[in-house]
Protein chains: 2
Amino acid sequence: MGRNKAFNRDQAVDSVMHLIWSQGYQNCSVKAVSEMLGITRSSFYHSFGSMESLFIEVLKRYYIHSPFCAFDQINEQSDILKEICTVFQNICVARVTDKEAKGCLMINSIIELVGSNDILSPPLSSSVDAVLTRFKRLLNAANMHGNFSDNDIDQKALALLNLLIGINVSGKFIKDYEQLWSSTRLSLQSLGVYNTDYNMT
Amino acid sequence: MGRNKAFNRDQAVDSVMHLIWSQGYQNCSVKAVSEMLGITRSSFYHSFGSMESLFIEVLKRYYIHSPFCAFDQINEQSDILKEICTVFQNICVARVTDKEAKGCLMINSIIELVGSNDILSPPLSSSVDAVLTRFKRLLNAANMHGNFSDNDIDQKALALLNLLIGINVSGKFIKDYEQLWSSTRLSLQSLGVYNTDYNMT
DNA sequence: CAAGTAATGTACACATGTGTACAATATATG
DNA sequence: CATATATTGTACACATGTGTACATTACTTG
């Protein structure tokens, strides 16, 4: 019942995602976003409530397209370590390919907002916490012979997260795939995740 | 000759540094900064020209207090690898200690500005490039027996930079020193930089 | 087709922000 | 102490930004 929306919500969230991704959250005003969507601020508030709540919606949508998400789809019956390496490699490709050098929306937002925005810090922190938990689970599953203690795995999971963050930021100024991937591969190999047999170039 | 400044320039740059550090560059308006300094915008433009040029001044000042700077002060006659580890350890302490979770101004700014701000991207990119060059130099100097090729060293230098970036961002949500440092130590150890003999806790 | 309702638009009343021209002020040096 | 000059303040003319109250639209269901 009632009037139809003048815009497609999914499409709107998607374009707002790209705007925030390339300009940063703080740089996206309700005015600018509304104008981009072709609606009035009044409609904006009516439909989305606030920028904060829209951003939380954006974050959920982003996650589906994010580097992080690929880790969720790794089949635990497969060669887990190799799959992890493949995801890292894909991230290198994505970062080097993006001419806008946008980096990763989630990581960008963490740096921009965690510690200063009380509403958005919790969802951002918990997103990244989920990735850490995911890494732990994958490393545990790959730990066939139980060679590593829980402590080892926790440390290694955080080391992988640090690497993930690092390459997403380095990709902003290192635009040579070979350079980015070979150092990522070295890190993965050092941590015992990459195996030279994988032969990934 | 002429009238005296109503403020101390060094002190002003320092407080602007802290403001940008905690709120981000884009969130610091000329209006807000001028009011903080107790001067009019007119005086601001007269003294600093623009926010961009002030920020470049801030960056130079920050570098002196930055984690990066410590790498410049490593004596190449000493145990270079151990010194590198000590700097990384100090960064872990600094990040965990900071209750504001500000992270590293330089890394924050890179994420915020590289790719979108044409004036500030170059100085930011070259700052981080200097760190990378520094890592290469240190690793070369530590490469006593010439075991590693130039290629190896380039990859390892970038791996160290990725790690540096990673912990500076992770420090935003990981507030437990033991957790942050032990995983950093693991990464350093994997890369052959940390040696268990160092016995750092 | 009428009525209820959801979405949209208009308008208000501010606050914040930019950059500059011109006037006022203070100070060091001749 | 007068003057040149660096610094500061005032005022303008905008642009952008926020959030809401109230009126207006258009659509759907009974």
Quick check on contacts: within residues 34-44 of chain A, what sits under 4.0 Å from DNA chain D by heavy-atom distance? Arg41(A), Ser42(A)
For DNA chain D, find the residues of residues 14-32 of chain A with a heavy-atom distance under 4.0 Å and give them by number; none if there aren't any. Ser29(A), Val30(A), Lys31(A)
Have a look at Met106(B) and tell me which of Ile165(B), Val128(B), Leu59(B) forms a side-chain contact (heavy atoms from CB on, under 4.5 Å) with it. Leu59(B)
Rounded distance (Å) that lies between atom [atom2] of [N] and atom [atom1] of [X]:
X        : N       : atom1 : atom2 : value
Tyr45(B) : dC22(C) : OH    : P     : 18 Å
Glu52(B) : dT18(C) : CD    : P     : 10 Å
Lys5(A)  : dT8(C)  : NZ    : P     : 6 Å

With a cut-off of less than 4.0 Å, is there a side-chain N or O of His46(A) near OP1 or OP2 of dA7(C)? yes
Between Ser50(B) and dT18(C), is there a contact of a side-chain N or O with OP1 or OP2 at under 4.0 Å? no
All N/O pairs under 3.5 Å across the protein-nucleotides 23-30 of chain C interface:
| from | atom 1 | to | atom 2 | distance (Å) |
| --- | --- | --- | --- | --- |
| dT25(C) | O2 | Arg3(B) | NH1 | 3.0 |
| dA28(C) | OP1 | Asn4(B) | ND2 | 3.4 |

For residues 15-35 of chain B, the salt bridge (Lys or Arg N to Asp or Glu O under 4.0 Å) pairs (sequence neighbours left out) are Lys31(B)-Glu35(B)
Pair Tyr62(B)-Ser109(B), side chain to side chain contact (heavy atoms under 4.5 Å, CB included): steps then yes or no: CA-CA 12 Å; Tyr62(B) 177 76; Ser109(B) 302; over 6 Å; no
Have Ser149(A) and Asp152(A) got a donor and an acceptor in their side chains that come within less than 3.5 Å? yes
Begin with the C-alpha distance, continue with both residues' side-chain angles, and end with the deciding distance and a verdict on side chain to side chain contact (heavy atoms under 4.5 Å, CB included) for Gln26(A) and Leu113(A). CA-CA 9 Å; Gln26(A) 320 241 39; Leu113(A) 301 168; 4.1 Å; yes
Correct closest heavy-atom pair for Ile64(B) and Cys69(B) would be O-SG, 3.8 Å
Listing request: all ring pair (Phe, Tyr, Trp, His ring centres under 6.0 Å) pairs with a residue in residues 97-131 of chain A, at least two apart in sequence or in separate chains. none
For the residue pair Trp181(B) and Tyr194(B), categorise the inter-ring angle as parallel (less than 30°), tilted (30 to 60°) or perpendicular (more than 60°). perpendicular
Crowded around Arg61(B) CZ? As in, over 12 foreign heavy atoms under 6.0 Å? yes
Suppose we screen for side-chain contact (heavy atoms from CB on, under 4.5 Å). Which residues come up paired with Ser15(B), at least two apart in sequence or across chains? Met36(B), Leu37(B)
Report the C-alpha distance between Leu54(B) and Phe44(B) in whole Å, list the side-chain angles of each, state the deciding distance to 0.1 Å, and finish with yes or no for side chain to side chain contact (heavy atoms under 4.5 Å, CB included). CA-CA 10 Å; Leu54(B) 173 53; Phe44(B) 175 92; 3.5 Å; yes
